[in-house]
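Any value given below was found using the heavy atoms of this structure, including those in side chains, with hydrogens, waters and symmetry copies removed. All chains are named by letter (A, B, ...) in the order of the sequence lines, taking the proteins before the strands, and each is independently numbered beginning at 1.
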2 protein chains.
Amino acid sequence: MNGTGKRIYLAGPEVFLSDPYEAGRRKCELCGRYGFIGVYPLDNPLALDGLPPREQGKLISAANEASLRTCHLVIANMTPFRGPSADAGTAYEMGFARALGLPVFAYSNCAEPFTARTAASACGGRDVSGVLRDNAGMLIEQFDMTDNLMLDGGVLAGGGTVIIRDIAEAMRFTDLSAFEECLSRMKEKYL
Amino acid sequence: MNGTGKRIYLAGPEVFLSDPYEAGRRKCELCGRYGFIGVYPLDNPLALDGLPPREQGKLISAANEASLRTCHLVIANMTPFRGPSADAGTAYEMGFARALGLPVFAYSNCAEPFTARTAASACGGRDVSGVLRDNAGMLIEQFDMTDNLMLDGGVLAGGGTVIIRDIAEAMRFTDLSAFEECLSRMKEKYL
């Protein structure tokens with residue numbers, strides 16, 4: 001336990017990495033170095049063996065929600081995941097934290113703007129009115145944000161920041177320089 | 001105003017349709033038919049003209065969060081959007097609602113299971129241990145759910161249901177039969 005005991009929930013798709021525990025250890029170690037306690041989704045010891053997949057999923061979900069409720073702050077990894085947006089579970093947890101009043105800081109290891117990468121991935125183009133739309137005719141957001149405006153909006157409204165780094169694809173889900181910058185900003189603000 | 005006045009926040013990517021207001025009118029009209037009041041993100045009259053894009057985005061985000069706080073229930077359109085998962089803003093709002101204690105019902109107009117469509121979109125395959133991974137080596141969830149376990153888990157934990165329909169792609173974001181089934185279930189449970 002450090003001096004302050006402020007707990008940071010670590011939201012992000014690291015749980016899907018080939019060694020998700022090592023990813024959590026690295027993040028928690030950095031949290032400690034900045035005077036915080038990192039809380040990683042896989043910290044919860046759950047008895048999942050032998051349960052049907054859906055029951056396992058429900059237990060993990062409940063444990064993550066319970067963990068979030070024990071935390072004071074969140075750092076969310078918004079790096080685009082399997083599409084132009086952040087991991088859906090991360091987006092869910094950002095909203096969850098925001099409704100609880102927890103300040104959320106976020107980072108993305110992809111520097112390509114949201115509008116550009118959405119247009120690229122969904123074959124975007126301008127319609128006759130000049131509005132940017134995807135190949136299904138649906139509007140592409142142009143709010144100069146990192147992701148869907150609810151995600152950026154929630155971070156900013158709670159006093160957080162979105163840190164952006166241009167990291168090569170091979171390191172995109174493991175590089176922690178932007179994560180560390182979040183910790184540095186949070187230390188200034190909350191410790 | 002109907003007899004009960006229960007307000008349902010209508011989360012989903014309809015706001016990106018070519019006529020997002022018509023999409024909202026149709027959903028709100030159905031809500032009324034089932035005895036509920038539909039609350040659509042674009043209901044809020046906002047003075048956005050002339051503001052920089054980021055300021056517009058922040059105002060819309062704040063208005064949506066404020067709307068959610070006035071609601072009793074949520075119906076989320078989890079139909080996969082620009083990738084294997086739900087729209088990121090919808091995922092955020094589901095988490096937000098869940099943290100507030102609002103029951104969330106959800107639907108998807110895509111019947112292909114989450115695991116299969118993630119594997120298809122991210123070139124998934126089994127590693128030497130038989131674990132299903134995407135082309136970046138990241139785990140593909142196999143919890144027999146509609147989307148990331150946080151989304152399904154939040155719906156189920158709050159007593160909600162995820163309704164799934166197999167709708168042709170051209171109608172995927174406009175067909176409201178699954179939405180109406182959510183209303184029917186909610187009427188049984190809450191009215």
Side-chain angles (χ1 to χ4, degrees), chain A residues 13 15-18 20 52-54 56-62 64-65 68-69 81-100 118 121-122 127 131 133-134 136-145 147-154 156-157 169 172-173, chain B residues 13 15-18 20 52-54 56-62 64-65 68-69 81-100 118 121-122 127 131 133-134 136-145 147-154 156-157 169 172-173:
Chain A
V15 292
F16 304 118
L17 284 168
S18 56
R54 276 173 71 81
Q56 294 184 26
K58 285 158 70 176
L59 284 180
I60 298 169
S61 154
N64 291 351
E65 290 194 355
L68 268 159
R69 290 186 191 276
F81 185 68
R82 296 174 184 160
S85 278
D87 162 50
T90 302
Y92 179 98
E93 291 175 343
M94 291 172 75
F96 193 96
R98 171 81 184 130
L100 296 180
T118 303
S121 85
D127 67 14
V131 176
R133 297 193 176 278
D134 67 16
M138 295 180 83
L139 188 79
I140 294 177
E141 278 189 38
Q142 294 189 76
F143 292 110
D144 193 16
M145 289 186 161
D147 205 314
N148 181 289
L149 63 83
M150 294 306 296
L151 280 58
D152 286 67
L156 299 172
E169 259 188 55
R172 202 159 272 179
F173 292 101
Chain B
V15 292
F16 304 118
L17 284 168
S18 56
R54 276 173 72 82
Q56 294 185 25
K58 285 159 69 177
L59 283 181
I60 298 169
S61 154
N64 290 351
E65 290 194 354
L68 268 160
R69 290 186 191 275
F81 185 67
R82 296 174 185 161
S85 277
D87 162 51
T90 301
Y92 179 98
E93 291 175 343
M94 291 172 76
F96 193 96
R98 171 80 185 132
L100 296 180
T118 304
S121 85
D127 68 12
V131 176
R133 297 193 176 277
D134 67 15
M138 295 180 84
L139 189 79
I140 294 178
E141 278 189 39
Q142 294 190 77
F143 292 110
D144 193 17
M145 289 186 162
D147 205 314
N148 181 290
L149 63 83
M150 294 308 295
L151 279 59
D152 286 68
L156 299 171
E169 259 188 55
R172 202 159 271 178
F173 291 101

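The contact between Asp144(A) and chain B is made by backbone and side chain atoms together, counting heavy-atom distances below 4.5 Å. Looking at Leu68(B), neither its backbone nor its side chain comes within 4.5 Å of chain A, counting heavy atoms on both sides. In this structure, chain B has no heavy atom under 4.5 Å from any part of Arg172(A). Contacts of Thr90(A) with chain B are absent, with no heavy-atom separation under 4.5 Å from either backbone or side chain. For Leu156(A), the part lying under 4.5 angstrom from a heavy atom of chain B is the side chain only. Neither the backbone nor the side chain of Asp127(A) comes within less than 4.5 Å of any heavy atom of chain B. Contacts between Ser18(B) and chain A at a heavy-atom distance below 4.5 Å involve backbone atoms as well as side-chain atoms. When heavy atoms are compared at a cutoff of 4.5 Å, Glu93(A) approaches chain B solely by way of its side chain, counted from C-beta outward. Heavy-atom distances place both the backbone and the side chain of Ile140(A) under 4.5 Å from chain B.
Residues passing the ring pair (Phe, Tyr, Trp, His ring centres under 6.0 Å) test with Phe173(B), sequence neighbours excluded: Phe81(B).
Here the side chains of Phe16(A) and Glu141(B) are in contact, with some heavy-atom distance below 4.5 Å. Side-chain atoms of Thr118(B) and Asp134(B), non-hydrogen and from C-beta on, never get closer than 4.5 Å to each other.
Annotation: the span from Gln56(B) atom CD to Leu149(A) atom CG amounts to 10.0 Å, rounded to 0.5 Å.
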